[in-house]
Structure formats: C-alpha cells, structure tokens
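What follows is a single structure, written as structure tokens, with notes after it.
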Protein chains: 2
Amino acid sequence: MAASTLTEVARLAGVSPATASRVLNGSARKPGKDIAERVRQAADSLGYIPNAQAQGLAKSSSGLIGLIVHDIADPYFAAIARGVQEAAREQRRMVLLATTGGAPGEEKEAVAAFAARRADSIVIAGSRSSRAEDGDENAELAAELDRYCRNGGQVAVVGHPVVGAAAPEGYHVVSVPNQELAADLAVELAAGWDGDFVIIGGPEGLFTSDDRIRGFQEGLSRAGRGPAEVLRNSFNRSGGYEAGLKLAARIKAGGTGGSGRPAGNGLGIFAVNDVMAIGAAAALRAEGLRIPRDARIAGFDDIETLRDFRPALSTVSLPLEEIGRLATRATAPPTADGDDQDSAPLPVTGRVMLRRSTEATD
Amino acid sequence: MAASTLTEVARLAGVSPATASRVLNGSARKPGKDIAERVRQAADSLGYIPNAQAQGLAKSSSGLIGLIVHDIADPYFAAIARGVQEAAREQRRMVLLATTGGAPGEEKEAVAAFAARRADSIVIAGSRSSRAEDGDENAELAAELDRYCRNGGQVAVVGHPVVGAAAPEGYHVVSVPNQELAADLAVELAAGWDGDFVIIGGPEGLFTSDDRIRGFQEGLSRAGRGPAEVLRNSFNRSGGYEAGLKLAARIKAGGTGGSGRPAGNGLGIFAVNDVMAIGAAAALRAEGLRIPRDARIAGFDDIETLRDFRPALSTVSLPLEEIGRLATRATAPPTADGDDQDSAPLPVTGRVMLRRSTEATD
DNA sequence: CTGTTAGCGCGTTCAA
DNA sequence: TTGAACGCGCTAACAG
C-alpha cells in the first residue's frame with residue numbers, strides 16, 4: 001500500500017509539507033490563493049490520497065465508528081446498520097463492522113479491536129444477556145467498555161445497558177420500550193380474543209426477549225387474563241419453528257395446555273420477534289394448521305422484508321433505522337454549540353400493528 | 001482516545017520499547033522467558049491496547065478490508081456481507097463498510113476512502129452499470145481502482161468487472177453465472193407452462209439484471225419459445241410492485257399482451273431478483289389475483305428471509321455467503337506456500353429451485 | 001538476546 | 001503567511 005505522500009506533493013509544488021498540509025486538509029488558516037492552486041495541482045497529478053492512519057496518529061482521532069451486531073445478515077441488525085451507516089456518512093465517518101453472534105466474550109474482543117483502531121465511538125446493537133454462564137465475560141466486556149470510555153471513547157448501546165457498566169462519561173443508551181410495547185400488544189390482542197395465550201421467547205437472560213415477555217404478561221394481567229405459558233428457544237427462525245411444532249401438536253391434540261378448552265379453539269401466540277414468529281407460522285403450516293383460523297400469531301419488530309408475508313403478521317413496529325441513527329448521533333463529538341444533551345435517554349417509540357394474522361375468522 | 005502506550009509499558013517493565021514490542025506483538029524472535037512475563041504483566045496492569053494506526057503506519061498494512069454494497073439492509077447484500085465478515089475474521093482482519101446506493105460516483109468515493117485508510121483489500125459487491133449517464137463516473141471509478149491496485153491493493157468484484165478496469169495485479173473477479181442460470185430457469189419453466197412469459201427487469205445497463213434477462217431469453221429460445229416482453233423498473237421491491245400492477249391489469253383484461261390467448265390463462269412472470277418478485281406478487285395479490293393460479297412467478301437469488309413466503313417462490317439459489325467468502329479470500333495476502341491462484345476466475349454455482357409459485361394448478 | 005536509532009506520514013507547535 | 005522542528009505510537013534495521 002505505498003502511495004504518494006504529502007511530502008512528495010509539497011516537493012513537487014515547491015513548498016513545505018506544512019503548507020501542503022494546510023491547503024489539502026482543513027486547517028484554520030488558508031494559505032495564499034496562488035500557492036494553494038499549485039499545491040492542489042501537484043496533489044492531483046500525483047493522485048495524492050492523504051494517509052488516514054498517519055492523520056489519525058497525529059490528531060489522535062480516526063474518524064472511525066465501530067458497530068457491533070450479532071449477525072449482519074439478520075434483517076433486524078441490517079436495518080439498524082443502515083441507520084448507523086447513514087448517520088456516519090453525514091458525519092463523514094466510516095463504519096467498522098464486527099459480528100459476535102451475541103457472545104459477550106466476542107463483544108469484548110470487538111470493543112478491544114475497535115479501541116486498537118482508535119475508533120472515535122462504538123455502537124453496540126443487539127440484546128445483552130445476563131445469563132450466569134456469561135457472567136465473567138459480561139464483566140470483562142463492561143471493564144473493556146469502561147476503559148474505552150475513560151480513554152475518551154463514546155459508546156452507545158441499543159436497548160439495554162451493558163451489565164455492570166460503570167458508565168463514566170460518553171456512555172449512552174438508546175432505550176427501546178420493549179416492555180411497554182409488548183404490554184400494549186397484549187392488551188390489544190386480548191381485546192379481540194378470549195382464548196389462551198402462549199409466548200415463544202428466546203433463551204432466558206436475553207434482555208430484549210425477557211422484557212418483551214414481561215411486558216406481554218403485564219398486558220395480559222392488565223386485561224384481566226392470567227399469565228401465558230412461556231416456551232423458550234433460540235432467538236431465531238429455527239427457535240420459532242421448533243416451538244411452532246410443539247404448539248401445533250398441542251392444537252391438534254385438541255387441548256390448549258390443560259385449560260380444557262374445546263378442540264379447534266386454537267391459541268394466541270406471541271413470538272418475541274418477527275423472525276421467530278415466521279418460523280412458528282411455518283411450523284404450524286407444515287403441520288396443516290392455518291393462521292389465523294387455528295392459531296393467531298403476532299411478532300415484534302415489523303421487519304421490512306417480512307411485510308409481504310401472508311397472512312400479514314401482527315407485530316410491533318420499531319423504527320430500526322432511526323434507532324441506528326440515534327445511536328450514532330449520540331456518539332458524535334460534542335457539537336461545540338453547547339447543546340450537550342449527553343447521556344439523556346434518547347426517545348424511541350414503536351407502534352402496535354394489528355394485521356391479518358390475528359384477525360377473527362368467524 | 002488517549003490510552004497507555006507501548007513506551008509506558010516498557011518503562012514500567014524496565015525494558016526498551018523494542019523489547020516490549022517483540023513480546024506483545026508477534027515478532028520473529030522471542031525474548032527471554034522471564035522478561036516476557038514482566039512485560040506482559042506491565043501491559044496487563046496498564047490495560048495496554050496496541051495502537052493499530054501506529055502499527056499500520058510502521059508496517060504499511062492495516063489489517064482492514066473494505067466492503068462496498070448498495071444497501072446493507074438489502075438481504076442480498078447482507079448475506080454477502082456475512083460471508084465477507086466471516087472470512088475476514090478467519091484472516092484476523094476487520095471490515096470497513098461503505099454503502100453507495102449503486103452510484104459509481106459514490107463507489108469511487110468509497111474506494112478513495114478505503115485507500116486513505118490503507119485498507120489491504122476491497123470487495124465490491126453489487127451490480128455495476130454501464131448506463132451512458134454513468135459513463136464519466138464509471139471511468140473515474142476504474143481509474144481509482146487502478147491506482148489502488150497499482151499501490152499494492154487487492155480488489156475483488158462480485159459479478160462483473162468494473163467497466164474499463166485495466167486490471168493490473170491484484171484485481172479479482174468472482175463471477176456469477178447469472179446468464180446460464182437464468183437460461184436454465186427459463187428452460188425448466190417452459191417445460192411446465194406453454195403460455196406467455198414476461199420479464200420484470202431492472203433499469204437498462206445494470207449488468208446483473210441484463211445478464212439475467214439475456215439468459216432467460218436465451219433459455220426460452222432454447223425451449224422453442226419466442227422472446228418475452230421486458231418491463232423495466234427499479235431494481236427493488238417497489239419496482240416489482242409497479243410492474244406487478246401493470247401485469248395485473250393486463251391479466252384481468254383477459255389478454256396477455258395481444259397474443260389473443262383467452263382470459264384467465266395467466267402469465268409466466270420472471271422477476272430478475274427475489275425482492276422484485278415478491279413486490280410483483282404483492283401487487284397481483286392486491287389486485288385480487290392468485291399465484292400460481294392466475295400467474296406463475298419466479299425470482300432469482302433465493303433470499304433466505306423470503307423462503308417462508310407463500311406460495312413458495314421458484315427462484316435460482318445462489319451461495320451468497322460463499323460468494324462473500326470467496327471474494328474476501330481472493331484478496332488475502334499471498335499465502336507464501338506458492339499456491340498463487342491469483343486472478344483465476346473463482347467458481348460459483350447456483351441451482352434452479354422450482355417451488356409452488358410456478359406449479360401447475362389443474 | 002537486548003537496547004539504540006531511524007523512520008512510517010502527517011499535524012502542529014514555534015520562529016522567521 | 002510560510003517553513004523548520006518535533007512528536008503521535010510503533011516496527012525494523014542496526015549496534016552492543
């Protein structure tokens with residue numbers, strides 16, 4: 001990766017490197033109009049491209065923003081990534097990508113790698129977990145983040161704060177009202193359906209999943225219903241599929257988990273995200289069941305790619321892209337005009353979307 | 001972004017920076033066992049993280065790989081990105097992301113930005129275009145890429161070479177047999193359907209789209225059919241939707257474009273990618289038409305997130321993730337053990353998937 | 001095997 | 001306004 005350097009440009013233009021630097025990169029004072037042109041021409045003819053590494057070294061700031069996701073191919077993260085990318089472009093920064101599969105250990109590695117690259121800020125999307133087995137790694141992650149912040153780094157976390165993060169300066173949280181929205185969803189669903197509900201959740205300890213489960217239960221209780229049974233599986237399509245198979249068998253057996261309801265009365269299913277909901281729906285369909293006739297089903301996230309799914313999936317719409325933008329902007333260098341909103345919780349609102357998958361069929 | 005430096009670590013350990021460097025980062029020669037431990041402890045207690053910028057400056061290599069996509073939220077690119085990310089991790093490199101919306105001008109900017117960051121290699125996913133309006137920008141992009149390669153950079157392009165790229169050393173192409181596969185699809189579709197075909201394509205000049213159109217026509221001719229009409233629209237869902245509306249009107253009008261076929265006999269629709277196919281299907285459905293009864297429809301790519309769509313979409317399966325991996329590996333630094341396969345065309349194979357959306361209904 | 005020296009390419013003081 | 005000198009943090013040649 002050898003390329004022409006600023007020194008070469010300066011020599012060709014017959015000026016000092018310092019002057020060349022001033023004209024080519026944004027400096028406070030502008031050199032003479034005539035000399036500037038000469039430098040620019042020299043740079044152009046040499047195809048000069050400033051070495052960002054060297055600039056970063058000298059200025060102690062890289063123009064890099066690190067993004068941590070579980071899986072970039074998951075439409076949920078892809079949508080957030082788009083928002084991050086957009087905001088980063090506005091700020092003329094570049095995005096460094098890391099995928100971790102959700103393991104806190106990997107996330108810690110990613111933070112360290114970003115710190116090594118001197119990324120100005122880090123956005124962590126994706127659910128954190130509080131599982132006991134992840135305890136140590138979570139602690140390490142928190143420590144790494146702390147150090148990063150203490151060194152002047154900016155961090156934004158989507159959803160939940162990292163467990164045990166001491167939150168010095170520069171630590172921001174874009175909180176998503178998962179619980180409230182799940183409660184709203186439950187209330188609306190309960191208004192149109194008096195049968196039993198079942199929740200398909202992710203592994204225990206996953207904050208996003210747990211919040212949504214808790215919220216849904218709360219909504220049910222607010223609607224005068226008892227708590228729903230919770231089936232736990234992996235936080236992806238196949239997890240939803242497996243749970244769907246179980247529920248299909250149950251529905252076909254004619255009961256709804258011992259409540260003694262008559263056969264064919266179906267079930268109200270809430271999957272904690274759209275992808276799991278789709279998986280569950282696929283399983284039901286594979287078992288010959290129909291939605292919403294034999295079972296009503298709702299998800300969460302309102303993934304764009306899934307909007308053409310039939311029957312249209314009831315869900316909670318989340319401004320994923322906006323969330324990415326907000327997180328990114330929260331980590332932007334202080335705008336100098338004093339509006340230091342700092343770590344004030346950023347407002348994210350969602351909306352319950354009732355669609356065909358939970359409509360009455362009679 | 002101030003952090004403890006190698007010098008500090010060295011001082012604390014009572015050794016020279018050079019020695020510290022040798023033990024902490026991979027050097028050829030290993031220092032004494034005792035001194036190594038002392039350095040490691042010092043580094044640990046200081047929370048030392050090597051400054052990759054400085055390392056890069058000194059070593060002239062950054063461990064960065066740049067990825068250029070149209071839109072990271074598009075499942076097609078997201079899948080490729082996952083592959084790139086995976087391979088990058090294997091090679092202990094980090095991914096820099098740039099999204100361009102497909103404009104050659106933006107791609108040129110991205111290449112320049114990657115070059116500035118001294119990325120070791122660049123992967124360009126996404127269709128190139130040869131539209132006249134993009135001529136200048138394409139030329140600039142090619143020039144930028146050339147320069148990048150000449151400076152020792154590695155480039156891999158998915159699908160088609162960049163227009164006008166002079167291809168010095170380090171320029172690789174992962175070619176995707178779009179045309180052949182589209183032809184295969186046409187042949188298989190024609191075997192089960194004797195009605196008319198219509199192609200929903202992207203804007204003229206988009207290589208991927210044009211290749212698939214050309215291949216499909218070729219396949220039709222191979223099957224003894226005349227060429228299909230081509231509807232051009234934007235290369236995304238809404239483009240498919242618009243085309244679908246037009247076709248719906250035509251189908252409902254009872255003709256198939258003047259061929260005089262009886263009403264209700266439908267149409268065989270080939271959309272050049274899955275996302276457009278889904279859009280078209282949504283339009284047909286919105287107009288009260290059913291698939292495959294009123295129209296058969298097929299796409300291209302076999303997007304994972306869309307696999308649960310009903311009726312299951314006939315398509316051509318592409319190993320997107322593998323493509324990303326291949327592209328990334330193609331740009332890896334020469335493996336030193338001599339297997340310099342260099343710019344040999346990398347093998348990518350796809351497969352026609354006939355599913356419910358193109359099945360006979362009677 | 002270790003320490004010293006000299007850059008990598010650039011920004012930013014200082015004097016001129 | 002311009003140029004010369006220094007330092008950012010690290011690696012790679014040397015010297016000891």
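A, B, ... follow the sequence lines: proteins, then strands. Residue 1 opens every chain.
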For this session: Could I get the full list of side chain to side chain contact (heavy atoms under 4.5 Å, CB included) partners for A:Glu109, not counting sequence neighbours?
Result: none

Show each protein N/O and nucleotides 8-12 of chain C N/O combination with a separation under 3.5 Å, one pair to a line.
| residue | atom | partner | partner atom | Å |
| --- | --- | --- | --- | --- |
| C:dC8 | O2 | B:Ala58 | N | 3.4 |
| C:dC10 | OP1 | A:Tyr48 | OH | 2.6 |
| C:dC10 | OP1 | A:Asn51 | N | 3.3 |
| C:dC10 | OP2 | A:Leu6 | N | 2.2 |
| C:dG11 | OP1 | A:Asn25 | ND2 | 2.5 |
| C:dG11 | OP1 | A:Gln55 | OE1 | 3.1 |
| C:dG11 | OP2 | A:Ser21 | OG | 2.5 |
| C:dG11 | OP2 | A:Asn25 | ND2 | 3.1 |

For this session: State which residues pass salt bridge (charged side-chain N to carboxylate O under 4.0 Å, His left out) with B:Arg325; sequence neighbours excluded, sorted by chain then number.
Result: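 So B:Arg325 forms a salt bridge (charged side-chain N to carboxylate O under 4.0 Å, His left out) with B:Glu86, B:Glu321, B:Glu322.
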
Exercise. Among all residues two or more places apart in sequence or in another chain, which pass the salt bridge (charged side-chain N to carboxylate O under 4.0 Å, His left out) test with B:Glu8?
Worked result: none

For this session: Considering only NZ, NE, NH1 and NH2 on the basic side and carboxylate oxygens on the acidic side, decide whether B:Glu106 and A:Arg89 come within less than 4.0 Å.
Result: yes

Which donor-acceptor pairs under 3.5 Å do side chains of residues 155-162 of chain A form with protein atoms, sequence neighbours excluded?
| residue | atom | partner | partner atom | Å |
| --- | --- | --- | --- | --- |
| A:His160 | NE2 | A:Asp211 | OD2 | 2.6 |

For this session: Using whole Å, report how far CZ of A:Arg117 lies from P of D:dG9.
Result: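 Taking atom P of D:dG9 as the reference, CZ of A:Arg117 is at 17 Å.
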
Exercise. Nearest-Å distance, CZ (B:Arg11) to P (C:dT4)?
Worked result: 13 Å

For this session: Using five base pairs at each end, measure the axis-to-axis angle across the helix from C:dC1-D:dG16 to C:dA16-D:dT1 and round it to 10 degrees.
Result: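 That helix gives 40° between its end axes.
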
Problem set entry | Under the side chain to side chain donor-acceptor pair (under 3.5 Å) test, residues paired with A:Gln85 that sit two or more places apart | none

Exercise. Any ring-ring contact (aromatic ring centres under 6.0 Å, His included) pairs touching residues 38-64 of chain A, not counting sequence neighbours?
Worked result: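 Pairs touching residues 38-64 of chain A that pass the test: none.
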
For this session: Determine which pairs satisfy ring-ring contact (aromatic ring centres under 6.0 Å, His included) with at least one residue from residues 7-28 of chain A, sequence neighbours left out, and list them in order.
Result: none

Exercise. Between B:Thr19 and C:dG3, does any side-chain N or O lie under 4.0 Å from OP1 or OP2?
Worked result: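 Yes, B:Thr19 has a side-chain N/O under 4.0 Å of OP1/OP2 on C:dG3.
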
